Amino acid sequence: MTPPARTSPADAVAGFAALATGVVLVALLHVLPGTADISPVRRTISQYALTDSRWIFDLGLVLVAIGSALLFYALIRRGLIERFSAASVFGALWTASLVLIVAFPKTNWAIGPSIGGTIHRYASVVAFVALPLAVIFGARAVFRDSPVARRLAVFFGITSLMWFGLILLGVVNMLAGGEAWWTFVPLGLVERLMALNEMFAIAALGFGALRARQPVTERMTQVTPEGEPAVVTS
């Protein structure tokens, strides 16, 4: 019996490596001189892009974008998600939004509003919403035979959206006559917890690419000695 074709895990491994390196670089900004004094409770992560350490922030986000793209590519390559599906489209929106966030820094309010800052804000909203949706839509297809892994991925996706819901609650409160939405919640802390949650979400989904190294489309149908077809799976 010929063994089933195997796909190299290099794409998924590279994706996880880029993702982890990007997260570490952004995390370092919380302790490095020159950025350690930025409040992680009230200031958003993008505040680091307005410092002399912007290159670390930019490199970190670019690596997260590359890692994300590699993981979604690995999932598509293995036939776990369709090339044109809700999961792949939202995954592409997440990756593209990260690039826009790097290309257009947040508004420096010491100078005043800017078009670039507005693009940055909307790209951030798209990014924070798109990734959880990609994970939620993709989990069922990626983990068809693993309910525990599927529920874990969906859990991280839903909780990511719940963090964003706190910010939306602040917006609704402001529209109802309450305080400004960016002071309604500890914005920096909520954003950091949401970002961390989303890293767990994409890692949970990306694990499916490491778990299923054999492409679904290449799982071989072989013939048993009795002449009946036998589907070989990994």
Side-chain angles (χ1 to χ4, degrees), residues 7 9 11-16 18-20 22-23 61-104 119-169 171 190-191 193-219 233-234:
T7 298
D11 48 5
V13 172
F16 274 108
L19 192 70
V23 170
L61 258 64
V62 167
L63 285 173
V64 170
I66 292 173
S68 300
L70 284 171
L71 289 177
F72 279 106
Y73 166 75
L75 291 169
I76 293 172
R77 184 184 179 202
R78 287 157 179 75
L80 294 172
I81 60 175
E82 297 292 333
R83 182 173 300 179
F84 298 104
S85 63
S88 60
V89 169
F90 282 119
L93 284 174
W94 152 258
T95 304
S97 295
L98 290 179
V99 175
L100 286 176
I101 289 171
V102 171
F104 299 95
I119 294 174
H120 178 97
R121 179 181 299 175
Y122 286 117
S124 298
V125 171
V126 172
F128 281 130
V129 174
L131 179 63
L133 292 178
V135 172
I136 292 170
F137 282 116
R140 183 175 181 179
V142 173
F143 300 111
R144 294 175 184 175
D145 60 345
S146 181
V148 174
R150 180 171 64 247
R151 292 189 188 110
L152 184 62
V154 171
F155 169 79
F156 284 129
I158 291 175
T159 49
S160 295
L161 288 177
M162 289 174 66
W163 287 115
F164 187 73
L166 288 177
I167 298 176
L168 290 181
L169 184 61
V171 173
V190 169
E191 188 182 86
L193 291 173
M194 178 167 53
L196 180 62
N197 204 151
E198 297 203 345
M199 293 303 96
F200 283 124
I202 191 172
L205 189 68
F207 173 71
L210 288 176
R211 181 173 170 272
R213 287 175 52 189
Q214 180 187 352
V216 174
T217 56
E218 294 181 12
R219 292 179 182 176
T233 60
S234 57

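What you are looking at is a predicted structure, and each value in this text was computed from that prediction instead of being measured. Numbers here are sequence positions counted from 1.
Within 6.0 Å of the CZ atom in F164, the count of heavy atoms belonging to other residues, nucleotides or ligands exceeds 12.
A195 is linked by a side chain to side chain contact (heavy atoms under 4.5 Å, CB included) to I45, F128, counting only residues two or more places apart in sequence or in another chain. A127 meets the side chain to side chain contact (heavy atoms under 4.5 Å, CB included) test with W94, S97, I101; sequence neighbours excluded.
With a 4.5 Å cut-off on side-chain heavy atoms, V129 and F90 do not count as touching. A 4.5 Å side-chain heavy-atom check between M194 and L166 finds every atom pair outside the cut-off. Between E198 and I202, every side-chain heavy-atom pair lies at or beyond the 4.5 Å cut-off.
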Test F200 against L152 for side chain to side chain contact (heavy atoms under 4.5 Å, CB included), laying out the working first.
CA-CA 10 Å; F200 283 124; L152 184 62; over 6 Å; no
Determine whether V64 and M199 satisfy the following criterion, side chain to side chain contact (heavy atoms under 4.5 Å, CB included), listing intermediate values before the conclusion.
CA-CA 9 Å; V64 170; M199 293 303 96; 4.1 Å; yes
Side chain to side chain contact (heavy atoms under 4.5 Å, CB included) between L70 and I66, intermediate numbers included:
CA-CA 6 Å; L70 284 171; I66 292 173; 4.0 Å; yes
Which pairs of donor and acceptor atoms, one on a side chain in residues 80-89, lie under 3.5 Å apart (sequence neighbours left out)?
unit_1, atom_1, unit_2, atom_2, d
S85, OG, E82, O, 3.0
S85, OG, S88, N, 3.3
S85, OG, S88, OG, 3.2
S88, OG, E82, O, 3.3
S88, OG, R83, O, 2.8
S88, OG, S85, N, 2.9
S88, OG, S85, O, 3.0

Extract all donor-acceptor atom pairs below 3.5 Å that involve side chains of residues 130-143 and protein atoms in other chains or at least two apart in sequence.
none

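The side chain to side chain donor-acceptor pair (under 3.5 Å) pairs that include a residue from residues 120-135 are S46-H120, where partners are two or more places apart or lie in different chains. A side chain to side chain donor-acceptor pair (under 3.5 Å) check over residues 155-164, counting only residues at least two apart or in different chains, returns the pairs T159-N197, S160-N197, W163-N197.
Considering CG of D11 and CG of L210, their distance stands at 8.5 Å, rounded to 0.5 Å. A distance of 7.5 Å separates CD1 in I119 from CG in L100, rounded to the nearest 0.5 Å.
In plain terms, the two heavy atoms of T95 and S68 that are nearest each other are OG1-CB, 4.0 Å. The shortest heavy-atom contact between R150 and R144 is NH1-O, 3.6 Å.
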